[in-house]
Amino acid sequence: MKATVCRKEHFNAAHRLFNPKWGFAKNQEAFGLCNNPNFHGHNYDLVVKVTGEINKETGYVVDTKYLKKIIHDKVIERFDHKNLNLDLPEFADLNPTAENIAVVIWHILRCEINYDLELSVVLYETERNFIEYNGY
Ligand code: NI
């Protein structure tokens with residue numbers, strides 16, 4: 001009997017979307033306002049979903065205290081109030097789009113969660129735009 005445990009968190013961060021191989025005009029065409037050289041911010045909502053068998057002894061799929069702790073320690077502490085382009089080495093050569101941020105967060109959390117459990121990360125960049133990444 002499988003179930004999915006979801007934990008919602010929040011962080012604020014700044015970024016600039018651009019491809020350093022392109023000139024300003026092409027970047028402007030592709031990324032518009034998100035290409036602002038002086039950066040801009042988003043209020044990100046992060047939903048982490050862990051799916052697996054309900055443990056017969058605990059009744060849990062995963063301990064939400066543990067899930068909360070690893071999201072805080074490994075993701076929120078590192079991402080919140082940061083400039084993703086400048087402060088996080090993961091984005092030194094990777095455009096910090098919502099897609100790439102979701103992939104980076106997935107990889108960080110994947111190392112911390114039992115491999116018997118499936119992991120999915122949903123990242124909301126705005127209320128209406130969100131990305132889901134589950135490792136495929
Ligand atoms: Ni943006």
Side-chain angles (χ1 to χ4, degrees):
M1 202 163 54
K2 283 189 173 185
T4 300
V5 174
C6 304
R7 171 89 194 169
K8 190 173 184 181
E9 293 290 345
H10 182 82
F11 62 93
N12 305 314
H15 72 171
R16 177 194 178 189
L17 301 184
F18 72 111
N19 183 331
K21 293 178 186 144
W22 296 348
F24 190 81
K26 191 170 177 183
N27 271 304
Q28 199 65 13
E29 192 187 320
F31 301 113
L33 290 172
C34 288
N35 179 41
N36 177 7
N38 292 331
F39 307 97
H40 65 279
H42 290 280
N43 299 313
Y44 291 98
D45 275 322
L46 172 67
V47 179
V48 176
K49 301 178 182 178
V50 177
T51 301
E53 292 288 335
I54 300 175
N55 183 291
K56 287 203 172 65
E57 291 180 337
T58 61
Y60 289 163
V61 171
V62 62
D63 184 343
T64 51
K65 291 190 297 299
Y66 176 74
L67 190 57
K68 175 185 175 180
K69 183 175 166 38
I70 59 165
I71 298 170
H72 267 268
D73 293 357
K74 305 292 178 181
V75 179
I76 305 301
E77 292 249 319
R78 291 191 60 221
F79 284 63
D80 191 34
H81 285 72
K82 297 293 169 60
N83 180 313
L84 299 178
N85 301 74
L86 303 181
D87 294 330
L88 274 85
E90 287 92 337
F91 299 107
D93 296 309
L94 183 67
N95 208 12
T97 59
E99 289 88 332
N100 282 331
I101 299 168
V103 170
V104 165
I105 291 173
W106 186 91
H107 280 282
I108 291 170
L109 293 175
R110 184 65 276 185
C111 306
E112 308 294 331
I113 292 169
N114 189 317
Y115 281 92
D116 293 339
L117 303 171
E118 295 162 42
L119 173 66
S120 179
V121 161
V122 182
L123 185 73
Y124 286 77
E125 192 167 72
T126 71
E127 242 174 73
R128 293 169 190 275
N129 295 336
F130 51 97
I131 305 299
E132 179 157 13
Y133 183 69
N134 53 24
Y136 298 117

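Everything numeric here is computed off the predicted structure, so don't read it as measured data.
Formation of a donor-acceptor pair under 3.5 Å by the Asn27 side chain with backbone atoms of Phe18 is not found in this model.
With sequence neighbours excluded, the residues forming a side-chain contact (heavy atoms from CB on, under 4.5 Å) with Ser120 are Lys49, Glu132, Asn134, listed by chain and number. For Asp73, the side-chain hydrogen bond (donor to acceptor under 3.5 Å, both in side chains) partners two or more places apart in sequence, or in a different chain, are Lys69. Scored by the side-chain contact (heavy atoms from CB on, under 4.5 Å) test, Ala3 finds Ile54, Val61 as partners (sequence neighbours excluded). Applying the side-chain contact (heavy atoms from CB on, under 4.5 Å) criterion to Thr64, with sequence neighbours excluded, gives Val5. By the side-chain hydrogen bond (donor to acceptor under 3.5 Å, both in side chains) test, Thr4 is found to be paired with Thr51, residues two or more places apart in sequence or in another chain being considered. With sequence neighbours excluded, the residues satisfying salt bridge (Lys or Arg N to Asp or Glu O under 4.0 Å) with Asp63 are Lys65. Under the side-chain hydrogen bond (donor to acceptor under 3.5 Å, both in side chains) criterion, Glu118 pairs with Lys2, sequence neighbours left out.
Residue pairs meeting the side-chain hydrogen bond (donor to acceptor under 3.5 Å, both in side chains) criterion with at least one partner in residues 79-88, sequence neighbours excluded, are absent. Within the structure, the ring pair (Phe, Tyr, Trp, His ring centres under 6.0 Å) test picks out the following pairs touching residues 116-136 (sequence neighbours left out): Trp106-Tyr133, Tyr124-Phe130. Applying the ring pair (Phe, Tyr, Trp, His ring centres under 6.0 Å) test to residues at least two apart or on different chains, none of the pairs has a partner in residues 56-77. Sequence neighbours left out, the pairs with a member in residues 30-42 that pass side-chain hydrogen bond (donor to acceptor under 3.5 Å, both in side chains) are His15-His40, His15-His42, Arg16-Asn35, Gln28-Asn35, His40-His42. Each salt bridge (charged side-chain N to carboxylate O under 4.0 Å, His left out) pair with one or both residues in residues 89-108, not counting sequence neighbours, appears once here: Arg78-Glu90.
Closest non-hydrogen pair, Pro96 versus Leu84, comes out as CB-CB, 4.1 Å.
Between the CG atom of Leu17 and the CG atom of Leu33 there is a distance of 11.0 Å, given to the nearest 0.5 Å.
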Please step through side-chain contact (heavy atoms from CB on, under 4.5 Å) for the pair Leu86 and Phe39, ending with a clear verdict. CA-CA 10 Å; Leu86 303 181; Phe39 307 97; 3.9 Å; yes
